[in-house]
Amino acid sequence: MSTAERTTEASATDVRGRTHRDTLEVRGKPRTYLGMARRRFQRNKMAMAGLLVFVTMVVIALGAGLISQYITGFEPQRQNLRAQFTSVGQDGYILGADEFGRDILTRLAYGARVSLGVAGLSVVVALVIGTAIGTSAGYFGRWVDSVMMRFVDVMLSIPTLFLLLLVASMWRLGPVRLAFVIAAVAWVTLSRLVRGEVMSVKGRDYVEAARVVGANNLRIMTRHILPNVTPVIIVWGSLIVPGLILLEATLSFLGLGVQPPTASWGNMLTQAQRNWSHSWLLVFLPGFAIYITVFAINLVGSGLRDALDPRLGDR
């Protein structure tokens, strides 16, 4: 075999090898939109750290009963006046006791259940209301859009906190009622976002094709429009949860949210402000729980926003 033939064969082998490696690399990458989004999110170390912290807080909230039974041995409302302001680690109080001798760790765990539960239920209800109104207004347009958006404008013109303070001062609100009251004012921004996305999607070719073949409006909205609006809804939900946690804590701190003896992070801060000189942990621990949870969810929300943005490609 001549030198030229050997060179040609070696070049062809090298090309085939590179092509095979490239094929394997392409096969190893996710080709779907959600697969690429998941890949981008997993590469975001800050978002993954925030997700880990948030999942930990959720596990603590769900396992509050187990913490009370097997770790602390105290009920969240059990009082022992002889154990007032017990220091950390003494007499079985892992994080100390408050002014009524109640275990702080147990109340933090049950407070997480209330605070995260109120925020979670609020965002679910707000997602349903905001998505339904935004989709209907953007899809049908005309008078439906005008009526719904004018109602949204009226809701946006009302100061949210003052409206909640008015409602909370008139009725005693438990965790579930508080969640619905918060959701009643939280959906308006989502409805405007969804309306804008639906208006940009409903004129595309695949929606027109579905309409031509006889698909009804409900099928078009649920099968062809909402899946394309879902990334906006997910990002909004992840970014609004921290605000709802802070809103619940604010109402509870003002004495208009979840009422004692039910523990929440907000009313724990309210009770601690009178006794912070006896134990600074009474203020620090619920405040830090609120801070670290809100910070973690913000990191997750930012990561989801970047991961679900198709303009970022696979960078």
How many angstroms lie between [atom1] in [X] and [atom2] in [Y], if you round to the nearest 0.5 Å?
X	Y	atom1	atom2	value
L190	I129	CG	CD1	10.5 Å
L51	T56	CG	OG1	9.0 Å
E99	Q79	CD	CD	9.0 Å
S279	L95	OG	CG	10.0 Å
N228	E197	CG	CD	9.5 Å
L244	L178	CG	CG	10.0 Å

(message) I'd like to know whether R102 forms a side chain to side chain donor-acceptor pair (under 3.5 Å) with Q271, so could you lay out the CA-CA distance, the side-chain angles of the two residues, the decisive distance to 0.1 Å, and finally the verdict.
(response) CA-CA 12 Å; R102 297 173 298 191; Q271 298 169 9; 2.9 Å; yes

What is the minimum heavy-atom distance between [X] and [Y], and which atoms define it?
X	Y	answer
A97	L282	O-CD2, 4.2 Å
S264	V114	CB-CG1, 3.9 Å
A289	T293	O-OG1, 2.7 Å
R78	G73	NH1-O, 3.7 Å
D103	I94	OD1-N, 4.0 Å
V207	V201	CG2-O, 3.6 Å

Given side chains that start at C-beta, do those of [X] and [Y] come closer than 4.5 Å, heavy atoms only?
X	Y	answer
L116	M57	yes
L193	W236	yes
R142	S146	no
I220	I225	yes
F74	L105	no
I245	I297	yes
V283	Q273	no
V118	I182	yes

Looking at [X] and [Y], would you say the former's side chain and the latter's main chain have a donor-acceptor pair under 3.5 Å?
X	Y	answer
T86	A83	yes
S68	A64	no
S238	V235	yes
T222	L218	yes
Q84	G101	no
T135	A132	no
S122	A179	yes
T72	I67	yes

(message) Parallel, tilted or perpendicular: which one describes the rings of H224 and Y206, with boundaries at 30° and 60°?
(response) tilted

(message) Once you measure the plane-to-plane angle for F295 and Y291, does it fall in the parallel (<30°), tilted (30-60°) or perpendicular (>60°) bin?
(response) parallel

Hey, quick one: are [X] and [Y] part of the same hydrophobic cluster, counting side-chain heavy atoms closer than 4.5 Å, chains of contacts allowed?
X	Y	answer
L52	L304	no
L246	I292	yes
F100	W265	no
W187	V147	yes
V88	Y93	no

(request) Take N267 and T270, measure what side chain to side chain donor-acceptor pair (under 3.5 Å) needs, and give me the verdict at the end. (result) CA-CA 5 Å; N267 62 33; T270 302; over 6 Å; no

(request) Take L121 and V125, measure what side chain to side chain contact (heavy atoms under 4.5 Å, CB included) needs, and give me the verdict at the end. (result) CA-CA 6 Å; L121 181 58; V125 176; 4.1 Å; yes

(request) Please step through side chain to side chain contact (heavy atoms under 4.5 Å, CB included) for the pair F140 and M221, ending with a clear verdict. (result) CA-CA 10 Å; F140 293 107; M221 287 189 290; 4.1 Å; yes

(request) Before accepting this row, confirm whether a basic side-chain N of the pair D153/R192 lies closer than 4.0 Å to the acidic partner's carboxylate O. (result) yes

(message) Check this for me: does any side-chain nitrogen of one of R195 and D145 sit under 4.0 Å from a carboxylate oxygen of the other?
(response) yes

(message) A quick test of your reading: do over 12 heavy atoms of other residues, nucleotides or ligands sit less than 6.0 Å from CZ of R211?
(response) yes

(message) With a sphere of 6.0 Å drawn around CG of N216, does it hold more than 12 non-hydrogen atoms of other residues, nucleotides or ligands?
(response) yes

(message) Test side chain to side chain contact (heavy atoms under 4.5 Å, CB included) on L269 and I290; report intermediate values, then the result.
(response) CA-CA 10 Å; L269 283 174; I290 295 173; 3.9 Å; yes

(message) side chain to side chain contact (heavy atoms under 4.5 Å, CB included), that's the test. Do V300 and F41 meet it? Break it down for me.
(response) CA-CA 9 Å; V300 174; F41 184 81; 4.3 Å; yes

